[in-house]
There are 2 protein chains.
Amino acid sequence: MVTLAEVAQHAGVSASTVSHVLSGKRSISATTRQRVEQSIRELGYHPNAGARALAGKRSNIIALMIPLRTDMYVPVMMEIAIAAAATARTHGYDVLLLTGEEGPDAMILMDVELEDQRLPLLRQTDRPSVLIGLPADTDGLTCVDLDWSATGALCVEHLAALGHRDVAVIGEAPAVYERHTGFAERTLDGLRSRARETGVRVLHRPCDGGYDAMAVTLARILDERPATTGFVVQNESAVEPLLALLRQQGRAVPEDVSVVAVCPDQVAVQASVRLTSVAIPAQEMGRYAVEHLVAKLDGRGGDEVVLIVPELTVRASSGPAPAAS
Amino acid sequence: MVTLAEVAQHAGVSASTVSHVLSGKRSISATTRQRVEQSIRELGYHPNAGARALAGKRSNIIALMIPLRTDMYVPVMMEIAIAAAATARTHGYDVLLLTGEEGPDAMILMDVELEDQRLPLLRQTDRPSVLIGLPADTDGLTCVDLDWSATGALCVEHLAALGHRDVAVIGEAPAVYERHTGFAERTLDGLRSRARETGVRVLHRPCDGGYDAMAVTLARILDERPATTGFVVQNESAVEPLLALLRQQGRAVPEDVSVVAVCPDQVAVQASVRLTSVAIPAQEMGRYAVEHLVAKLDGRGGDEVVLIVPELTVRASSGPAPAAS
DNA sequence: AGAAGCTGTCGAAGCGCTTCGACTGCTTTT
DNA sequence: AAAAGCAGTCGAAGCGCTTCGACAGCTTCT
């Protein structure tokens with residue numbers, strides 16, 4: 001292992017000079033700088049992160065708290081994690097995967113609940129953090145999330161504009177509502193209030209992923225509201241079952257019924273019908289989270305809540321409502 | 001921040017004594033130990049990882065190299081990552097997410113290719129590592145993977161036992177074969193050789209995920225081998241499209257055709273037909289990887305290749321071949 | 001009874017790095 | 001021409017921890 005001292009010796013300067021070349025915190029003459037950089041390259045020097053953290057009082061590590069449960073939006077989580085790791089690297093940080101509770105200096109929390117248990121502790125430490133997701137009270141916190149309320153609104157709006165008057169919302173699994181993760185409720189709120197404005201009737205049903213659960217849910221929906229012609233699906237793993245069931249019942253998409261999904265674009269284009277969807281910008285969230293965190297660590301930027309504006313992409317699963325018969 | 005020195009003072013002992021209580025590398029009297037532990041608790045002491053790494057010459061950090069591309073087996077990757085992180089914690093290690101090339105002391109590589117670019121570097125450093133996946137040459141390496149060859153064999157065997165004589169294999173996306181990730185080829189090898197033994201005819205077609213690609217592939221298969229009654233699907237994202245297409249063509253599962261998938265159990269039970277499948281033991285692999293790594297770091301255990309024995313679970317998608325007509 | 005061996009504790013060195021104060025030799029100001 | 005300022009460099013201290021050698025006070029062996 002090559003140390004800073006060895007580099008210094010090789011370049012014929014003192015250790016502190018090398019350190020200053022590295023950090024740029026003191027001016028160094030061009031010739032000295034070049035000599036040092038040359039030595040660093042020749043010796044293949046890599047600073048020791050531990051020593052750096054010790055002496056410099058900062059760890060250059062960002063913790064990413066991922067939920068242990070793997071029952072939901074796994075692809076989304078993964079994308080966020082990868083984007084976060086990649087972004088962190090460009091800022092000289094590394095990302096630590098945390099499944100437990102305690103962590104290092106700076107952290108990103110995923111899967112935040114409305115009344116998240118971790119918030120009180122977060123607020124009282126001065127470690128910077130960024131939440132992905134919005135708790136009930138965002139005071140003193142930095143959060144990034146998709147604007148779920150606007151997402152919901154966008155979905156009905158699209159269907160309303162196409163003439164649909166009865167819309168069913170296939171929600172997340174009941175467990176998600178019980179956990180009060182917030183985004184599900186917010187979507188629904190946005191959706192309902194826009195529905196009121198546009199004169200659309202909305203029926204909401206939570207639904208577990210998978211074919212069987214979807215079958216039951218769909219039957220109930222069509223039983224209660226036989227005139228339903230529009231579906232908004234928030235649960236990724238309910239999309240394909242829904243399409244299969246509709247097909248099976250002879251309801252053509254998009255001629256008879258329209259489906260709007262909230263899911264990553266990748267899912268939308270791989271479905272059996274190319275789905276009109278509002279994208280979940282996982283990568284963007286991951287990137288934002290890290291960038292805000294780095295800014296905070298540098299003393300720049302304070303608390304803020306960033307809501308990403310949703311975008312709806314029209315694909316093949318939505319069309320004009322059939323003429324009322 | 002509470003330091004070891006403060007704990008020592010509070011407990012009325014020297015710093016080294018506290019350190020020994022923590023590490024257990026020297027015997028400490030019960031009374032002293034208790035006093036120290038008490039102080040640790042009262043003061044809320046947490047060792048500084050950086051200092052520890054510096055002094056102890058070991059970082060307690062395991063790097064997990066995840067592939068940047070998010071086009072494949074994302075749920076599997078995620079499960080592995082989470083299992084690895086959780087296991088690492090129980091051994092006092094943390095997991096660092098690496099998307100780039102260089103890393104810390106110990107690492108886990110995912111998504112290993114047959115002739116992986118990273119291997120030469122790996123072999124020449126003495127940093128312990130574990131690969132998830134099998135390269136062509138495993139000499140001097142520790143690897144964990146599902147026994148894909150046996151997996152393939154298991155799939156045909158099951159279909160053969162049910163009387164199927166013509167089996168089609170829906171493979172991974174062509175890109176996977178081009179990248180030579182190995183597992184796809186191995187599965188096929190195992191499958192073919194067992195097919196030969198059991199007198200089953202096999203037709204293999206790579207297939208991108210999604211509905212459209214599957215439709216094309218299926219049409220080609222049925223065109224070439226109209227008598228096909230068994231399907232082995234290795235590409236997770238082709239499963240649901242296949243089921244939808246079969247349904248659409250009036251081929252009942254499992255009465256007319258049987259389908260065996262290779263996918264995580266969760267996917268198998270959420271599909272529109274509960275799938276007979278060979279599970280991909282993602283969590284197990286993650287756990288194994290970390291445990292081997294920790295053993296190596298402790299100087300125990302050398303290089304070895306662990307192939308996890310596949311298990312086939314019979315569900316509702318496979319049954320006796322229809323009587324030849 | 002003395003030698004030998006334990007056990008439990010301490011002090012000090014040092015891990016690789018950052019940073020602060022100090023110093024040197026200039027250039028600029030008054 | 002002396003004072004003041006500055007760019008560029010160095011030395012030393014110290015971050016929080018582990019670990020090694022030393023040693024005091026016992027117990028056990030011969």
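Letters A, B, ... are given to chains in the order of the sequence lines, protein chains preceding strands, and every chain is numbered from 1.
Side-chain proximity of A:Ala55 to D:dC17, C:dC17, D:dG8: nearest is C:dC17.
The separation between A:Glu6 atom CD and C:dC17 atom C1' is 14 Å, rounded to whole Å. A straight line from CZ of A:Arg35 to C1' of D:dT9 spans 11 Å, rounded to a whole angstrom. B:Asn48 places its CG atom 15 Å from the P atom of C:dT18, with the value rounded to the nearest Å. Atom pair B:Tyr45:OH and D:dG16:P shows a separation of 10 Å (rounding to whole Å applied). Atom CG in A:Leu4 sits roughly 14 Å away from atom P in D:dG11 (whole-Å rounding). B:Arg52 places its CZ atom 5 Å from the P atom of D:dT18, with the value rounded to the nearest Å. Between B:Gln34 atom CD and C:dT9 atom P the separation is 12 Å, expressed in whole Å. A:Ile28 has its CD1 atom 13 Å from the P atom of C:dT19, to the nearest Å.
The nearest pair of heavy atoms linking A:Pro120 to A:Asp116 is CD-O, 3.7 Å. In this structure, B:Gly133 and B:Cys143 approach most closely via the heavy-atom pair O-CB, 3.7 Å. Minimum interatomic distance between B:Arg118 and B:Asp111 (heavy atoms only, all atoms of both residues): NH2-O, 3.4 Å. Taking every heavy atom of both residues into account, B:Glu79 and B:Pro264 meet most closely at OE2-CB, 4.3 Å.
Phosphate contact (OP1/OP2 of C:dT19, side-chain N/O of A:Arg26, threshold under 4.0 Å): absent. Between D:dG8 and A:Ser27, a contact under 4.0 Å exists linking OP1 or OP2 to a side-chain N or O. Contact between the side-chain N/O atoms of B:Thr32 and the OP1/OP2 oxygens of C:dT9 is found at a separation under 4.0 Å.
The pair A:Arg186-A:Asp145 fails the salt-bridge criterion, with no side-chain N (NZ, NE, NH1 or NH2) lying under 4.0 Å from an Asp/Glu carboxylate O. Comment: A:Arg123 engages A:Asp137 in a salt bridge, judged by a side-chain N to carboxylate O separation of less than 4.0 angstrom.
Toward the 5′ end of DNA chain C lies the nearest nucleotide of B:Ala30, the other residue of the pair A:Gly56 and B:Ala30 mapping further downstream.
Side-chain atoms of B:Leu141 and B:Asp303, non-hydrogen and from C-beta on, never get closer than 4.5 Å to each other.
Near DNA chain C, defined here as any heavy-atom distance below 4.0 Å, the residues from residues 11-25 of chain A are A:Ser16, A:Ser19, A:His20, A:Lys25, listed numerically.
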